[in-house]
**Q** 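Quick one: the structure is below, questions incoming.
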Amino acid sequence: MSDSQSRILITSALPYINGVKHLGNLAGSMLPADVYARVMRLLGHDVLYICATDEHGTPAELAAAEAGMAVAEYCALMHEKQREAGAAFDLSYDWFGRSSSEATAKLTQQFSATLEQNGLIEARISKQVYSNADGRYLPDRYVEGTCPNCAFEKARGDQCDNCGKLLDPIDLIDPYSSVSGSHDVEVRETEHLYLKQSEMSDKLRVWVEAQTSWPPLATSIALKWLDEGLRDRSITRDLDWGIPVVDMDGNQRAGFDGKVYYVWFDAPIAYIGATQDWAADTGGDWARWWRTDQGADDVTYVQFMGKDNVAFHTLSFPTTLMGANLEEEGEPWKLVDTLKAFNWVTWYGGKFSTSNKRGVFMDQAIALAPSDCWRWHLMANAPESSDAAFTWEEFQASVNSDLANVLGNFVNRITKYTVSKFDGQVPDGGVSGGHEDWIIAEVSTRLPLMIALFEAREFRKALGEMRAIWAAGNEYLTRAAPWTHYKTDVDQAAVGVRMGLNLVSLFGIIAQPIIPRAAKSILDAMNIPEAHRNWSSFDGWANGLPVGLPVAAPDVLFAKIEDTQIEDWTEQFGGDAEVQS
RNA sequence: GGUGAGGUAGCUCAGCUGGUUAGAGCGCAGGACUCAUAAUCCUGAGGUCGAGAGUUCAAGUCUCUCUCUCACUACCA
């Protein structure tokens, strides 16, 4: 357990705007960030959890066009939908912003100007495919054609799906736009700004190698890119929707009409922009979280992301931040201290995919089962060490066994018994004995371990301990068997019931970050005051409830998932062979 | 092709710097209990740790070869 309060800045990778996110996105960044934020708050830390929708880029424009809407309108709508989806899953953002906000635009332009002043940005000419029919430049993968290697006719401009060879769209035979299907495409020269990451690679390597709290996945990806030699990255695109490009003085850049910053340049800056929006809305001080010369030196910054985002968070964004601080009078920005990278949740052998509409999406999931069920299952099976398979059967087992049987039934059995035999009050009398010593010892070894695992962001294991604590409660009741003693010695039975009720309270308190709704039901039924629901100290938990405290049996906490539902969902969401493509 | 991750009980996964009979949950079988959402508790059966070779007194754990899966590969984000 942490002895001291600290300030913790948490961000989860920005969900892209082109649709409600699937369970893989939820499990790989937003949900673990939320759980971590909740745990840290309960431990008494000062937490700021920031997220936002990532709204720029070609897919946003195309999705808007498909929906027959203006991009800005589409993004506003989808932002709202994602906000609702997040709220439905009880994601406790302190701020859920938008990368299209004024603040982010200003910051992005400021970073661009500063980086250019520091010699880290330069304009270069590159070749890009332009589609006359679409009236737009096409990112590589939106160009299709015949593979020069294997003659596959639907090879994408970045890679051939048939032979797997990496391609350049210029090499495709008979190229066409995958947006419109038009063959009226040509290669044009276009000017773009490049971020000279190569010049920062020594600094980055020193910084990366100094990190001790990154998971191996993150370190190995970052070092791999450094080992291969960091390439300069183009940070502008030929698009209308985005942040206008400025020159070194911060004015609209000559010759860059119709160009905007690349979404991956401005997206992480949106972490800061969203914090500014939070500050403007709440009266908070954004600089105290982001500028080490303005109070952020005592902040611990923790990022959550999927493994596809690691390079951007460990190299590109740090280049932006460090590159703005090269001068004596530079801008000392807060760099990430520790990060947690997740693998994928896989869906019956393949990936979840937003664009292919594969898998279960947040809005669909919430219609099937309460958010607590998803939160528990996804975190108990988080893809921490490798990709993790989602199956309906496992989901059912998580809900029915862990939540309904082990936790829900425990709460139910002891509260109902209290109501029927002890007037619905925490009973007095009796003397503790060996069984109580046993459960106290059990909890006192498992509880600190569980907290340490949460602090280390080892969610699977932390939830394993939580479950073990719940299960120990059931074992305790079996040992203490108050219903047996009740026949001959009510005081002896009271000992077991009292301990059982204190366990219910404890279980509710520790469950809050994972299953906030059920936890609240439990704690409300137990009449636990708000002030006693935090994790600041668990000392004395075994006698925490005052004798005579009225307790009620909460409604059924978790309804079981029936086999027929699993059959229906399997049918409804595929989940089998036919989705393989 | 390159790089990385992974292949451990029927299923989903733990197994740190090599060290007694390889673990957990689910599922399954048997038993106990009856307070409880037919819930809970106990016991048990299940593994030549992807294949092969090597290093070592000792290898799931280190080395090499092979094989299968997945991801990334910089203009999708």
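Owing to the predicted nature of the structure, the values given are computational and were not obtained by experimental measurement. Every chain is numbered from 1 and lettered A, B, ... according to where its sequence line falls, protein lines coming before strand lines.
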**Q** Which nucleotide in the list U37(B), C41(B), U12(B) gets nearest to the side chain of N381(A)?
**A**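 The answer is U12(B).
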**Q** Would you tabulate the nitrogen or oxygen pairs shorter than 3.5 Å linking the protein to nucleotides 74-77 of chain B?
**A**
residue : atom : partner : partner atom : Å
A74(B)  : N7   : R231(A) : NH2          : 2.7
A74(B)  : N6   : G229(A) : O            : 3.1
A74(B)  : N1   : R231(A) : N            : 3.2
C75(B)  : OP2  : R233(A) : NH1          : 3.3
C75(B)  : O4'  : R237(A) : NH2          : 3.0
C75(B)  : O2'  : D140(A) : OD1          : 3.0
C75(B)  : O2'  : D140(A) : OD2          : 2.3
C75(B)  : O2   : Q128(A) : OE1          : 3.3
C75(B)  : O2   : Q128(A) : NE2          : 2.6
C75(B)  : N3   : Q128(A) : OE1          : 2.4
C75(B)  : N3   : Q128(A) : NE2          : 3.4
C75(B)  : N4   : S126(A) : OG           : 3.4
C75(B)  : N4   : Q128(A) : OE1          : 3.3
C76(B)  : OP2  : R141(A) : NE           : 3.3
C76(B)  : O4'  : R141(A) : NE           : 3.4
A77(B)  : OP1  : T58(A)  : N            : 3.4
A77(B)  : OP2  : Y262(A) : OH           : 3.2
A77(B)  : O3'  : D54(A)  : OD2          : 2.5

**Q** For S12(A), enumerate each residue passing the side chain to side chain donor-acceptor pair (under 3.5 Å) test, keeping only those at least two apart in sequence or located in another chain.
**A**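 Checked S12(A) against side chain to side chain donor-acceptor pair (under 3.5 Å); matches are Y49(A).
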**Q** Does either side chain, that of E562(A) or that of T564(A), offer a donor lying less than 3.5 Å from an acceptor on the other one?
**A**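 Distance-only check fails for E562(A) and T564(A).
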**Q** Heavy-atom nearest nucleotide on RNA chain B for A471(A) versus A404(A): which residue maps closer to 5'?
**A**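 Comparing both residues, the 5'-ward one is A404(A).
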**Q** Can you name the side chain to side chain donor-acceptor pair (under 3.5 Å) partners of E122(A), sequence neighbours left out?
**A**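 With neighbours one apart ignored, the set is R124(A), K196(A).
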**Q** By ring-ring contact (aromatic ring centres under 6.0 Å, His included), which residues pair with W225(A), not counting sequence neighbours?
**A**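 Scan of W225(A) (ring-ring contact (aromatic ring centres under 6.0 Å, His included), adjacent residues dropped) gives none.
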**Q** Counting only non-hydrogen atoms, which of residues 414-426 of chain A are less than 4.0 Å from RNA chain B?
**A**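 Of all residues in residues 414-426 of chain A, the ones placing a heavy atom under 4.0 Å from RNA chain B are K416(A), Y417(A).
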**Q** Could you tell me whether the phosphate oxygens of A39(B), OP1 or OP2, come under 4.0 Å of any side-chain nitrogen or oxygen in K560(A)?
**A**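 Looking at the OP1 and OP2 atoms of A39(B), one of them is under 4.0 Å from a side-chain N or O of K560(A).
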**Q** Tell me, please, which residues at least two apart from S99(A) pass side chain to side chain donor-acceptor pair (under 3.5 Å).
**A**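 Side chain to side chain donor-acceptor pair (under 3.5 Å) check on S99(A) returns nothing, list empty.
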**Q** Using a 4.5 Å cut-off on heavy atoms from C-beta on, say whether the side chain of P268(A) contacts that of F312(A).
**A**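 No, every pair of side-chain atoms sits at 4.5 Å or beyond.
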**Q** Between K560(A) and N400(A), do the side chains contain a donor N or O and an acceptor N or O under 3.5 Å apart?
**A**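 N400(A) vs K560(A): no donor-acceptor pair found between side chains.
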**Q** Could I get the full list of side chain to side chain donor-acceptor pair (under 3.5 Å) partners for S131(A), not counting sequence neighbours?
**A**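 Per chain and number, S131(A) pairs via side chain to side chain donor-acceptor pair (under 3.5 Å) with D134(A).
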**Q** Closest approach to the side chain of L557(A), judged atom by atom: which nucleotide of A71(B), U40(B), U37(B) is it?
**A**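 Among the listed nucleotides, the one closest to the side chain of L557(A) is U37(B).
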**Q** Scan residues 487-494 of chain A against RNA chain B and write down, sorted by residue number, each residue with any heavy atom closer than 4.0 Å; if none is found, say none.
**A**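 Those residues whose heavy atoms fall under 4.0 Å from RNA chain B, taken from residues 487-494 of chain A, amount to none.
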**Q** When Watson-Crick pairs (N1 to N3 and N6-O4 or O6-N4) and G-U wobble pairs (N1-O2 and O6-N3) count only below 3.5 Å on both distances, what is the dot-bracket string of RNA chain B, with | for other-strand pairs?
**A** (((((((..((((.....[...)))).(((((.......))))).....(((((..]....))))))))))))....
**Q** Check nucleotides 22-28 of chain B for protein N or O atoms closer than 3.5 Å to its own N or O atoms and list the pairs.
**A**
residue : atom : partner : partner atom : Å
G25(B)  : O3'  : R467(A) : NH2          : 3.1
C26(B)  : OP1  : R467(A) : NH2          : 3.0

**Q** Sequence neighbours excluded, which residues qualify as ring-ring contact (aromatic ring centres under 6.0 Å, His included) partners of H79(A)?
**A**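 For H79(A) the ring-ring contact (aromatic ring centres under 6.0 Å, His included) partners, ignoring immediate neighbours, are F96(A).
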**Q** E189(A): which residues meet the salt bridge (charged side-chain N to carboxylate O under 4.0 Å, His left out) condition with it, sequence neighbours left out?
**A**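 For E189(A) there are no salt bridge (charged side-chain N to carboxylate O under 4.0 Å, His left out) partners, ignoring immediate neighbours.
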